[in-house]
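Predicted model only: the values in this text are computed from it and were never measured. We name chains A, B, ... by the order of the sequence lines, and we start the count at 1 in each one.
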Protein chains: 2
Amino acid sequence: MAAVKPLSIGQVATRAGIGVETIRFYERAGLIPLPARKASGYRQYDESTVSRLRFIRRAKDLGFTLKEIATLLSLRHDASTTARDVKDEAERKIAEIDGKIRSLRRIRRALQQLAETCPGHGPTSECPILEALERHDRASTEE
Amino acid sequence: MAAVKPLSIGQVATRAGIGVETIRFYERAGLIPLPARKASGYRQYDESTVSRLRFIRRAKDLGFTLKEIATLLSLRHDASTTARDVKDEAERKIAEIDGKIRSLRRIRRALQQLAETCPGHGPTSECPILEALERHDRASTEE
DNA sequence: TTTGACTCTGGAGTAAGGTACGGGGTGTAG
DNA sequence: CTACACCCCGTACCTTACTCCAGAGTCAAA
């Protein structure tokens, strides 16, 4: 087995497709282990860190927050964790996404209805969108 | 016409269903006009501010950012604006929401697929979710 | 050896939308 | 007149996920 050639932070950044500053940020955030250091203080990484950073990137793309990713990472190497735990986390996230989608749809519907009833010409005083936003404004003489 | 009894910031807050601090924040943000002051420095509002704050709250509920709300508010009282301008803004927002929904659905699909293929029991080493996140990790001996 | 690219640290800044706090002064009911 | 709730201001702090900076040291190729 050949000794593994250590990687600099810049090399890791390039391989993981991420910025150098971001790696240091993740280190502070506890998402990646503290790396070995050369006498000069330079960080030394191996490929496993590249993997881990890619893991983080993909999880982020799936909408996980860094906090959730930290959980996922800890689940990953805890021997007492089962696939069930990971699946639960994924399903929780799916439910959360569903909630967001529902909420956006509701908003969309409301906005759509307003836009549909708006003639799209004439003064703002006849715009149902503004009217709706002003609804219940009784005592108002407007500013 | 009877003189309108001025409202304190707390009364306005209660009526608009919003916090006192938030009102001061909106004032700094330029979303509401600078109010009159009593000799003591106390802010004095009238009902129109309550209306305006409710407008802001509803627009916020529809997913508009404070910046967009500022635009909406300025459109509202600019005589040269037409209903068209407001409608455009609403439609732009709808398109933006559609983009968000599409993005969330894409994420959801990916996550769902992973969760479906996960047996939900056994060690994490057989969890396809983690596997997917680790994909392309060739040289990795795992940390 | 020189040069240029890279790395180190700690701290500040960004966006959004507030929330909280401390140390005062004020308004008003009883 | 005394409580006590309310208001003032400025500033700091919160969350998320970075991003940038200065000033200094280091590494590697030519």
Over how many whole Å does the gap from [X] atom [atom1] to [N] atom [atom2] extend?
{"X": "Q11(B)", "N": "dT28(C)", "atom1": "CD", "atom2": "P", "value": "10 Å"}
{"X": "I23(B)", "N": "dC9(D)", "atom1": "CD1", "atom2": "C1'", "value": "16 Å"}
{"X": "Q44(A)", "N": "dC6(C)", "atom1": "CD", "atom2": "P", "value": "18 Å"}
{"X": "I69(A)", "N": "dA17(D)", "atom1": "CD1", "atom2": "P", "value": "7 Å"}
{"X": "R57(B)", "N": "dG18(C)", "atom1": "CZ", "atom2": "C1'", "value": "16 Å"}
{"X": "L66(B)", "N": "dA16(C)", "atom1": "CG", "atom2": "C1'", "value": "8 Å"}
{"X": "R28(A)", "N": "dC8(C)", "atom1": "CZ", "atom2": "P", "value": "12 Å"}
{"X": "E27(B)", "N": "dG18(C)", "atom1": "CD", "atom2": "C1'", "value": "15 Å"}

Is any side-chain heavy atom of [X] closer than 4.5 Å to a side-chain heavy atom of [Y]?
{"X": "L114(A)", "Y": "L62(B)", "value": "yes"}
{"X": "K100(B)", "Y": "R108(A)", "value": "no"}
{"X": "H121(A)", "Y": "K87(B)", "value": "no"}
{"X": "Q11(A)", "Y": "K5(A)", "value": "no"}

Considering only side-chain heavy atoms of [X], which listed nucleotide, [options], is closest?
{"X": "K60(A)", "options": "dT26(D), dC18(D), dG17(C)", "result": "dC18(D)"}
{"X": "F25(A)", "options": "dC18(D), dT19(C), dA16(C)", "result": "dC18(D)"}
{"X": "R43(A)", "options": "dC18(D), dC7(D), dC8(C)", "result": "dC8(C)"}
{"X": "S8(A)", "options": "dG27(C), dA17(D), dT7(C)", "result": "dT7(C)"}
{"X": "R24(A)", "options": "dC8(C), dT7(C), dA16(C)", "result": "dC8(C)"}
{"X": "K67(B)", "options": "dC18(D), dA16(C), dC7(D)", "result": "dA16(C)"}
{"X": "I9(A)", "options": "dC7(D), dA20(C), dT7(C)", "result": "dT7(C)"}
{"X": "R37(B)", "options": "dT19(D), dC8(D), dT7(C)", "result": "dC8(D)"}

| Is there a donor and acceptor pair closer than 3.5 Å between the side chain of Y42(A) and the base of dC6(C)? |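 Check passes, donor-acceptor contact within cut-off.
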| task | Measure distances between side-chain N and O atoms of E21(A) and base N and O atoms of dC20(D), and say whether any donor-acceptor pair falls under 3.5 Å. | result |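 For E21(A), whose side chain was compared with the base of dC20(D), there is a donor-acceptor pair (under 3.5 Å).
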| query | Can a side chain N or O of Y26(A) be found less than 4.0 Å away from OP1 or OP2 on dA17(D)? | reply |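 Result: no.
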| message | When you measure from the side-chain N and O atoms of S40(A) to the phosphate of dC8(C), is any distance below 4.0 Å, counting only OP1 and OP2? | response |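 No, because none of the side-chain N or O atoms of S40(A) sits under 4.0 Å from OP1 or OP2 of dC8(C).
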| message | On a heavy-atom basis, which atom in R84(B) and which in G120(A) lie closest, and how many Å separate them? | response |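 That closest heavy-atom pairing would be CB-O, 3.1 Å.
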| Salt-bridge criterion met for E96(B) and K93(B) (N-O under 4.0 Å) |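 Between K93(B) and E96(B) there is a salt bridge, with a charged N closer than 4.0 Å to a carboxylate O.
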| query | If each of Y45(A) and K38(B) is mapped to the nucleotide of DNA chain C with the nearest heavy atom, which maps nearer the 5' terminus, i.e. the 5' end? | reply |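 Per heavy-atom nearest nucleotide, the more 5' residue is Y45(A).
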